There are 2 protein chains.
Amino acid sequence: MNYHEAKDKFIQTWGTLGSSWGISRTMAQVHALLLISPDALSTEDVMEQLKISRGNANMNLRDLLDWGLAYKELKSGDRKDFFIAEKDIWKVAKQIIKERRKREIEPVLNALEELKAVKGDKNDKKHKAFVEAVTNIERVVEKADFAFDKAIKLDENAIVSALFKLFK
Amino acid sequence: MNYHEAKDKFIQTWGTLGSSWGISRTMAQVHALLLISPDALSTEDVMEQLKISRGNANMNLRDLLDWGLAYKELKSGDRKDFFIAEKDIWKVAKQIIKERRKREIEPVLNALEELKAVKGDKNDKKHKAFVEAVTNIERVVEKADFAFDKAIKLDENAIVSALFKLFK
DNA sequence: TCGAACTTTCAATATTTATTGAAAGTTTTA
DNA sequence: TAAAACTTTCAATAAATATTGAAAGTTCGA
């Protein structure tokens with residue numbers, strides 16, 4: 001496999017992985033392209049290399065900045081914005097968890113809390129099953145939330161070794 | 001909020017959470033419905049309560065069985081299949097991680113391994129940046145894979161307390 | 001073995017989500 | 001401050017994904 005085949009396959013693979021873990025396919029592809037580029041790329045470079053439109057490139061680059069997965073780099077003597085990827089993959093993973101925790105877990109916890117207050121006959125079978133299900137789910141979601149919160153504050157080795165110790 | 005409002009909101013919330021964590025919206029909604037039902041439900045019950053077609057109900061129930069998130073229950077004197085949800089949410093979370101690890105992480109690791117073997121000039125800036133990026137990513141993906149593998153073998157409290165100890 | 005009861009499939013269709021590209025907006029420098 | 005260089009927006013459109021429902025398939029009891 002030569003460089004260009006490998007590059008395309010990498011962009012494709014990273015895009016697929018990204019889209020299954022909650023970041024859009026194109027955003028992950030742009031990130032992949034930036035990751036393997038030794039130098040910062042402009043919007044036009046991204047458009048050209050991924051064969052996507054200006055609007056699309058711009059939108060996905062901006063989303064990458066929002067998620068903290070890429071940075072702007074200004075080159076002196078040039079008015080264009082250039083972009084580089086966050087290349088510390090552990091940091092990338094932590095950023096994604098952090099964003100998704102904020103965007104997804106928090107609203108769910110709020111909704112669950114509200115649902116426990118359902119009015120009705122406390123002896124009704126359905127009512128009991130409902131409150132029980134919601135309470136159990138809330139407990140697990142809270143623990144997952146806690147685990148993710150800790151995970152983003154630790155480095156990659158600490159987590160792995162903590163888990164490993166449980167098995168020694 | 002009365003029982004019916006709460007039930008609808010719960011199904012909606014669980015569907016949204018599910019779809020953002022890799023299981024389809026309707027599959028998560030069917031699971032939600034089963035979770036809060038004190039008794040096993042038939043395909044027709046699911047169709048009626050979620051207002052979805054027979055084909056859709058059937059497909060999603062079968063997917064839930066595939067993922068290990070629901071079970072068939074046969075009632076004597078009735079030829080219909082009835083379904084109950086896996087109600088241990090920690091087990092649900094573990095099943096989802098297990099399935100996704102198999103379906104998503106493993107193929108990515110294989111692809112990455114292949115990509116490291118890219119042919120080309122080892123002193124070229126692009127080539128070096130490429131191999132470095134792929135190697136770094138592989139290292140983190142392997143660790144995540146390891147962490148998930150351990151997570152599905154432990155119970156919920158063990159993981160939380162292991163993480164907690166790191167902060168005491 | 002037949003036919004009733006139930007389950008599964010799949011091509012057509014609907015819904016959702018992503019992409020385009022031209023127009024509007026912004027910044028820079030001469 | 002004018003206009004060139006660049007960025008952003010957004011309505012139209014395309015692509016991907018999910019859903020329907022009728023038809024085909026299966027199972028079971030008589």
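Lettering of chains follows the sequences in order, A, B, ..., and the numbering in each one begins at 1. As the structure is a prediction and not an experimental result, all values here were calculated from the model.
- Distance, A:M47 CE to C:dT19 P: 14 Å, rounded to whole Å.
- Counting to the nearest Å, the P atom of D:dT8 and the CD atom of A:E44 are 13 Å from each other.
- Of the candidates D:dC6, C:dT7, C:dA18, D:dC6 carries the atom nearest the A:K80 side chain, counting heavy atoms from C-beta on.
- At a threshold of 4.0 Å, the pair A:R139-B:E156 counts as salt-bridged, since one of the basic side-chain nitrogens sits closer than that to a carboxylate oxygen.
- Taking the six-membered ring where tryptophan is involved, the planes of A:F148 and B:W21 are essentially parallel, since the angle between them stays under 30° and well short of 60°.
- Taking every side-chain heavy atom of B:R62 into account, C:dT9 is the closest of D:dT7, C:dT9, C:dC6.
- Remark: P of D:dC6 and NZ of A:K72 are 14 Å apart, rounded to the nearest angstrom.
- Distances were taken from every side-chain heavy atom of B:N56 (C-beta onward) to each of D:dA18, D:dT20, C:dT7; the shortest belongs to D:dT20.
- The residues B:E5 and B:K9 are annotated as not salt-bridged, no charged nitrogen and carboxylate oxygen being separated by less than 4.0 angstrom.
- The distance from atom CG of A:N60 to atom C1' of C:dT20 is 13 Å, rounded to the nearest whole Å.
- The interatomic distance linking B:L61 (CG) with D:dT20 (C1') rounds to 16 Å, in whole Å.
- DNA chain D is contacted by both A:M59 and A:R25; A:M59 maps to the nucleotide lying nearer its 5′ end (nearest heavy atom per residue).
- Put simply, NZ on A:K51 is 18 Å from C1' on C:dG21, counting in whole angstrom units.
- With B:Q95 contributing its side chain and B:W67 its backbone, the two residues share a donor-acceptor pair below 3.5 Å.
- Comparing C:dA18, C:dT7, D:dT19 by their nearest atom to the side chain of B:T26 picks out D:dT19.
- One can place CD1 of A:I52 at 8 Å from P of C:dT19, the figure rounded to the nearest angstrom.
- Between B:K102 and B:E99 there is a salt bridge, since a side-chain N of the basic residue sits under 4.0 Å from a carboxylate O of the acidic one.
- Distance from the side chain of B:S53 is smallest for D:dT20 among the nucleotides D:dT20, C:dT8, D:dT8.
- The distance between atom CG of B:N58 and atom P of D:dG25, rounded to the nearest whole Å, is 16 Å.
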